[in-house]
Amino acid sequence: MRIGVLAVQGAFIEHENILKNLGAECVEIRKSEHLQQELDGIVLPGGESTVMGKLLFELKLFENIKTRIENGLPVLGTCAGAILLADKIEGENISYLGTIPMKIKRNAYGRQLGSFAAEQEIKGIGKFPMRFIRAPYIISAAPNVKILSTVEEKIVAVEYGNQLALTFHPELTDDYSIHKYFLNVICSRT
Amino acid sequence: MENERYGLNKELAQMLKGGVIMDVTTPEQAKIAEAAGACAVMALERIPADIRAAGGVSRMSDPKMIKGIQSAVSIPVMAKCRIGHFVEAQILEAIEIDYIDESEVLSPADDVYHIDKTAFKVPFVCGSKDLGEALRRISEGASMIRTKGEPGTGDIIQAVRHMRKMNSQIAQISSMRSDELYEAAKSLQVPVELVNYVHENKKLPVVNFAAGGVATPADAALMMQLGAEGVFVGSGIFKSGDPKKRAAAIVKAVTNYNDKDLLAKLSEDLGEAMVGINEEEINLLMAERGR
């Protein structure tokens with residue numbers, strides 16, 4: 001299985017290490033030429049969403065990735081990646097890929113002093129150690145978006161067809177169950 | 001030391017990887033930096049080149065000015081305190097800064113002790129010239145390291161020297177027999193546990209950025225190819241002819257640091273780079289502050 005990992009900024013190596021460990025082949029997506037190949041899935045990692053959003057446009061990755069996700073390419077977006085997937089961002093007029101009908105709030109828990117860890121149940125995956133780093137949360141989602149997990153009544157994980165969006169960082173833990181779920185369930189469906 | 005807060009602080013640095021952290025002195029500059037693709041900004045009253053020119057004692061910035069920058073952007077905001085000045089650090093923690101840079105760019109407040117960074121909840125980044133300095137700062141609680149380079153000069157030679165030194169020392173530790181690590185810890189003047197970590201993982205236990213002298217996209221890519229995980233650009237941007245364009249070019253150079261065709265395009269037509277100061281012309285070596 002070949003997974004593209006958006007590698008324009010952020011914690012992409014952490015995702016690659018886990019995916020390789022689970023037997024997937026990883027290719028880094030840094031410019032448009034890197035998209036001229038078959039992919040079984042794509043990962044949008046944690047990092048700074050403003051940086052990634054800007055570079056998606058300027059490195060001419062945006063249209064290709066958006067179209068492929070809309071056509072069913074499985075995607076895992078974590079933290080900044082989830083912001084890229086949301087079609088609405090609280091208090092802002094812009095959105096990025098906008099392929100999941102949900103509203104997300106940037107830096108929703110405040111600055112770095114508001115970063116925290118929690119352990120919570122995720123539907124279909126089980127209890128998971130969650131790392132929230134200057135994290136967003138999902139304010140609301142359309143009825144057909146499946147809510148997989150909430151922490152203190154805030155939505156932190158959703159599934160929408162081929163798309164999995166998390167406001168925390170599974171790439172920072174040594175629990176691989178989310179990546180396994182992405183590879184074995186979401187990427188295997190297509 | 002490996003408590004939860006420290007873990008979260010190291011992880012914020014991981015999120016900054018592959019990015020460019022830019023020095024800014026006003027909310028307007030902060031917005032320009034964010035729009036150009038900075039992954040964080042460093043709020044300070046004067047950029048290093050001006051600190052160097054002005055001379056005198058250089059201190060933590062006015063908290064009001066830092067708060068202005070915090071409200072202007074959504075990316076993390078860092079600020080500098082003087083080496084050893086733990087009260088400046090307390091003040092920066094009180095205004096919920098995202099990262100404190102205990103920095104040799106400012107005048108040191110203590111010529112013996114660094115801040116006990118384990119006493120703080122907010123994360124610290126510290127400069128280092130070599131592995132020993134880096135591990136000493138980490139043992140004091142730093143959750144991110146950067147090369148010292150030579151700030152405010154636009155001369156990359158010192159950052160290159162510090163990064164190469166770090167790499168060669170890490171390689172050396174990695175290839176040692178495990179019974180040699182005690183002696184290595186003794187000569188580096190650092191805890192043996194941290195030496196063991198470097199031996200096993202062939203890297204520092206925290207993220208390592210390049211800083212001090214980066215002025216062009218090529219400089220930034222050079223540091224990335226030498227193994228930096230991201231880049232700080234201080235005076236290089238807002239001391240140049242076209243800050244907006246140069247900032248955006250440096251961001252892209254850090255993302256595609258191995259792509260020489262793209263680097264050639266990015267280096268075109270950037271206007272005037274900051275006027276540099278050669279190593280031999282420097283009267284004040286900031287990198288010698290704090291060991």
Side-chain angles (χ1 to χ4, degrees), chain A residues 6-15 28-34 45-59 61 78-81 83 89-92 94 105-118 129-136 168-169 171-173, chain B residues 3-5 7-21 31 33-41 70-71 73-78 92-100 120-124 143 203 207 229-231 247-249 251-252 254-259 261-262 266:
Chain A
L6 184 69
V8 296
Q9 192 268 324
F12 48 86
I13 292 164
E14 289 80 350
H15 276 290
E28 292 189 349
I29 311 292
R30 292 170 188 266
K31 50 181 175 175
S32 55
E33 290 91 312
H34 297 157
E48 282 304 317
S49 55
T50 51
V51 182
M52 287 191 226
K54 178 190 152 70
L55 290 174
L56 273 181
F57 283 104
E58 297 201 345
L59 299 169
L61 304 169
T78 62
C79 194
I83 293 175
I89 301 173
E90 168 79 356
E92 296 177 34
I94 52 150
K105 184 176 157 95
R106 256 194 244 265
N107 302 336
Y109 303 93
R111 302 189 168 277
Q112 173 61 5
L113 283 174
S115 293
F116 66 103
M130 302 172 175
R131 316 288 296 176
F132 294 89
I133 312 291
R134 283 174 46 96
F168 54 93
H169 295 281
E171 71 271 28
L172 294 177
T173 52
Chain B
N3 59 20
E4 183 159 292
R5 181 53 51 186
L8 292 164
N9 287 341
K10 282 201 295 188
E11 287 163 8
L12 175 57
Q14 281 176 269
M15 294 306 138
L16 301 174
K17 282 189 303 180
V20 181
I21 300 167
K31 281 184 186 151
E34 184 179 48
C39 68
V41 289
Q70 284 175 316
S71 59
V73 294
S74 77
I75 53 179
V77 177
M78 303 182 165
L92 292 173
E93 181 167 73
I95 61 168
E96 296 201 20
I97 202 76
D98 290 304
Y99 243 98
I100 297 176
F120 289 80
K121 287 187 179 143
V122 290
F124 281 80
S143 43
K203 63 190 274 298
V207 166
E229 294 179 281
V231 172
V251 168
K252 278 184 230 157
V254 167
T255 296
N256 281 300
Y257 60 90
N258 274 323
D259 183 340
D261 297 324
L262 183 69
L266 293 172

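Below, read A as the first sequence line, B as the second, and so on, with proteins coming before strands; counting in each chain starts at 1.
- Atom-to-atom distance recorded for Thr255(B):OG1 and Leu55(A):CG is 4.5 Å, nearest 0.5 angstrom.
- Both the backbone and the side chain of Arg111(A) come within contact range of chain B, with heavy atoms under 4.5 Å apart.
- Here the closest heavy-atom approach between residue Lys252(B) and residue Leu59(A) is recorded as CD-CD2, 4.1 Å.
- Partners of Glu14(A) by side-chain hydrogen bond (donor to acceptor under 3.5 Å, both in side chains), not counting sequence neighbours, listed by chain and number: Gln14(B), Lys17(B).
- Interface remark: Glu28(A) contributes no atoms to any contact with chain B (heavy atom separation under 4.5 Å).
- Heavy-atom pairs under 4.5 Å with chain A were tallied for Cys39(B), Pro123(B), Gly18(B); the largest tally goes to Cys39(B).
- Most heavy-atom pairs under 4.5 Å with chain A, from the set Ala35(B), Gly37(B), Ala40(B), Pro76(B): that is Pro76(B).
- Of all non-hydrogen atoms in Lys54(A) and Ala36(B), the two that sit nearest each other are CE-O, 2.9 Å.
- Ranked by heavy-atom pairs under 4.5 Å with chain B, the first of Ala11(A), Gly10(A), Ser49(A), Gly46(A) is Gly10(A).
- In this structure the side chain of Asp259(B) reaches within 4.5 angstrom of the side chain of Lys31(A), judged on heavy atoms.
- Within the 4.5 angstrom heavy-atom criterion, only backbone atoms of Phe132(A) (N, CA, C, O) approach chain B.
- Taking 4.5 Å as the limit, some side-chain heavy atom of Leu8(B) sits within range of a side-chain heavy atom of Arg131(A).
- Residue Arg30(A) touches chain B through both its backbone and its side chain, counting heavy-atom pairs closer than 4.5 Å.
- Residues satisfying the ring-ring contact (aromatic ring centres under 6.0 Å, His included) criterion with Tyr257(B), sequence neighbours excluded, are absent altogether.
- Around atom NZ of Lys203(B), more than 12 heavy atoms belonging to other residues, nucleotides or ligands sit under 6.0 Å away.
- One distance of note links CE of Met15(B) with CG of Leu172(A); it measures 4.0 Å at 0.5 Å rounding.
- In terms of heavy atoms, Ser115(A) sits closest to Arg5(B) at O-NH2, 2.9 Å.
- At a 4.5 Å heavy-atom cutoff, Glu229(B) makes no contact with chain A through either its backbone or its side chain.
- For the set Val77(B), Val207(B), Ile75(B), Val122(B), the entry with the most heavy-atom pairs within less than 4.5 Å of chain A is Ile75(B).
- Pairing each heavy atom of Ile133(A) with each of Glu11(B), the nearest pair is CD1-OE1, 3.4 Å.
- For Ala38(B), the part sitting under 4.5 Å from any heavy atom of chain A is the backbone (N, CA, C, O) and nothing else.
- Ser74(B) has its side chain within reach of Thr50(A): a pair of non-hydrogen atoms, C-beta onward, lies under 4.5 Å apart.
- Using a 4.5 Å cut-off between heavy atoms, Ala7(A) contacts chain B through its backbone alone, with no side-chain atom that close.
- Contact tally against chain B (heavy-atom pairs below 4.5 Å) for Glu58(A), Glu48(A), Arg134(A), Met52(A): the top residue is Arg134(A).
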